[in-house]
Amino acid sequence: MRYAMAIDTKKCVGCSDCVVACQTENDVPVGFCRDWVVEVVDGTYPQLELEHRSERCNHCENAPCVRCCPTGASYVDDGGIVQVKKNKCIGCGACVTSCPYDARFVHPKGYVDKCTFCHHRIQKGQQPACVSVCPTKCMYFGDLDDPRSEVSMILKKRKYKTLIPEAGTKPHLYFLI
Amino acid sequence: MREEIIVSGRNNHLIDPHLEIWEWQIPMYLFLGGLAAGILFFAGLFYIRGKEKEYPTVVRMAPILVPPMLAMGLFFLFLDLKHKLYFWQLYTTIKLESPMSWGAWVLMGITPLSMMWAALHIKYLFPKWDWKFNWAIQAEAFLQKQKKWLAWAMVGLSVILGIYTGILLSAFNARPLWNTSILGPLFLTSGLSTGAAAIVLMSKNKAERHHFAKIDLGLIGVELFLIIHMFMGFRASTQVQIDAANLFLGGEFTAVFWVFVVGLGLIIPAILEIMEMRKIKVPYMVAPVLVLVGGLLFRFIMTHAGQVSRWLY
């Protein structure tokens, strides 16, 4: 089992519904977010290209945050989901510093918080909150090891990229281009 | 032209617009750790070489300051933790891949060691010192017999501690400025140099002062070499590391780094030490004070600038 997410940059309109859904579902404290939307404008007027990306933790296969964590609070859960055990986290900031995507933050209660791919929802067979609310249906979530899963199928059909693969993290968010 | 903005307004505290999770506590700790490592290294080394009587400050006096230094460093580390009550979790795991875990355990080893060493020499600082309890006197006598082993352990652990202060940062590939293996040796050299400077400052013995000024001069030379090497490496590396180097070569940290760290913290003290060796009269306190302030500033700048440097995507 290897969970992954594919996000269609051609369909995403940057509405930030995914961000609000995540904040609501996961009780993210006010002023913080576990996912966010990046808008990229490339080129010189009038030849401009626009890309929207809904970003979050990449649930890397070679996760620097898990490696750097001195207590083992950051760990890889089933399906390759990178998680934090609150009561093992000392809030040293090593994982926050080690993430090239800046996907982690310190919860006001002191421990480090991040995207969990809505682990509690997928256990019940539901989709992550962000995926389930997307009005353009630009996000695909599923098991990469299952060739018939939605995410495997779309990655077979479409061209995609990952973010900073040169950082050696082997990220598991795929952006369809 | 390429412009990327976070349109959903992410503004995570300590993360945006750039990382600021490590403030003054970490550089203070790195400085105190390096300084303590430097002093313990020389104390152990000069004891092993049988120079205790010739150079009493380094072997007997200076190490007495190390336990409070390490305690203060640890206290700063504790202050840095955001989930403080869980700090003990550090000592429930040994994680070989995590430099911070290494550091926590090395400190666990070297702090009691430095206390033992200080206890063996406290009588030189307070001649009327009395251990009062029989068991304490027996423990002291036992340690006195094992002193050579203590010295060897101190030399070994202090090198690990000194190099660790650099490796702690260099292990983060997400921060291009830190992600160079030169940082370990550079922080070790700088730690040894601040240690030598502290000994010069404390010593009342002219021969000892001269000897350590000479050692410090050598270490400053190595440090300058490593700094130049580091920037050469960055300039020849990937775009993110070129950008990281540019923070110091025209960017926002240029003036403060080259004027205060390299100029006032390394070159001027080196010149003063050479002048002293040539028997030109200069107040001996100036060079070591500059080295210590330079070392502290170096750690502040590296910690801060590293968090500004980042990958672009």
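Letters A, B, ... mirror the listed sequences (proteins, then strands); counts begin at 1.
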With a 6.0 Å cut-off (strictly less than), is the heavy-atom count around [atom1] of [X], excluding the residue itself, greater than 12?
X: A:Lys85; atom1: NZ; answer: yes
X: A:Met153; atom1: CE; answer: no
X: A:Lys170; atom1: NZ; answer: no
X: A:Lys156; atom1: NZ; answer: yes
X: A:Phe32; atom1: CZ; answer: yes
X: B:Phe260; atom1: CZ; answer: no

**Prompt:** Between B:Gly306, B:Ala174, B:Gly9, B:Pro99, which residue shows the highest count of heavy-atom pairs closer than 4.5 Å to chain A?
**Reply:** B:Ala174
**Message:** Quick check for you: among B:Thr93, B:Val7, B:Asn12, which has the greatest number of heavy-atom pairs under 4.5 Å with chain A?
**Reply:** B:Asn12
Side-chain heavy atoms of [X] within contact of [Y], under 4.5 Å:
X: B:Thr238; Y: A:Glu166; value: no
X: A:Val96; Y: B:Ile15; value: yes
X: A:Val38; Y: B:Arg10; value: no

Indicate yes or no for a side-chain donor-acceptor contact from [X] to the backbone of [Y] under 3.5 Å, with no hydrogens or angles considered.
X: B:Asn11; Y: A:Gly31; value: no
X: B:Gln89; Y: A:Ile90; value: no
X: B:Asn173; Y: A:Ser98; value: no

**Prompt:** Is it the backbone or the side chain of B:Trp102 that comes under 4.5 Å from a heavy atom of chain A, or both, or neither?
**Reply:** neither
**Item:** Residue list, ring-ring contact (aromatic ring centres under 6.0 Å, His included) with B:Trp105, at least two apart or on another chain
**Value:** B:Tyr91
Mind checking the [atom1]-[atom2] spacing from [X] to [Y]? Nearest 0.5 Å is all I need.
X: B:Glu3; Y: A:Leu48; atom1: CD; atom2: CG; result: 10.5 Å
X: B:Ile6; Y: A:Cys33; atom1: CD1; atom2: SG; result: 8.0 Å
X: B:Phe172; Y: A:Cys99; atom1: CZ; atom2: SG; result: 11.5 Å

**Item:** Proximity of residues 107-136 of chain A to chain B, residues having a non-hydrogen atom under 4.5 angstrom
**Value:** A:Lys109, A:Gly110, A:Tyr111
**Request:** Would you please go through residues 62-74 of chain A and name the residues with a non-hydrogen atom below 4.5 Å from one of chain B, in numerical order?
**Result:** A:Val66, A:Arg67, A:Cys68, A:Cys69, A:Pro70, A:Thr71, A:Gly72
**Message:** Please determine whether side chain to side chain contact (heavy atoms under 4.5 Å, CB included) holds for the pair B:Arg2 and A:Val41, giving the CA-CA distance in whole Å, both sets of side-chain angles, and the decisive distance to 0.1 Å.
**Reply:** CA-CA 6 Å; B:Arg2 190 179 166 88; A:Val41 181; over 6 Å; no
Max heavy-atom pair count under 4.5 Å with chain B, selected residue of [options]:
options: A:Ala94, A:Ser16, A:Gly14; result: A:Ala94
options: A:Thr169, A:Val106, A:Asn87; result: A:Asn87
options: A:Gly168, A:Ser54, A:Cys15, A:Gly43; result: A:Gly43

Contacts under 3.5 angstrom, residues 18-31 of chain B side chains, donor-acceptor by atom type, not counting sequence neighbours:
from: B:Trp22; atom 1: NE1; to: A:Cys92; atom 2: O; distance (Å): 2.8

**Request:** Any chance you could lay out the side chain to side chain contact (heavy atoms under 4.5 Å, CB included) test for A:Phe105 and B:His13, step after step, and finish with the verdict?
**Result:** CA-CA 7 Å; A:Phe105 62 88; B:His13 179 54; over 6 Å; no
**Message:** With salt bridge (charged side-chain N to carboxylate O under 4.0 Å, His left out) as the criterion, how do A:Arg53 and B:Glu4 come out once you've worked through the C-alpha distance, each side chain's angles and the decisive distance to 0.1 Å?
**Reply:** CA-CA 10 Å; A:Arg53 290 194 306 251; B:Glu4 303 202 10; 3.3 Å; yes
**Prompt:** Can you list the steps and then say if A:Thr97 with B:Arg175 is a side chain to side chain contact (heavy atoms under 4.5 Å, CB included)?
**Reply:** CA-CA 8 Å; A:Thr97 311; B:Arg175 313 295 150 194; 4.0 Å; yes
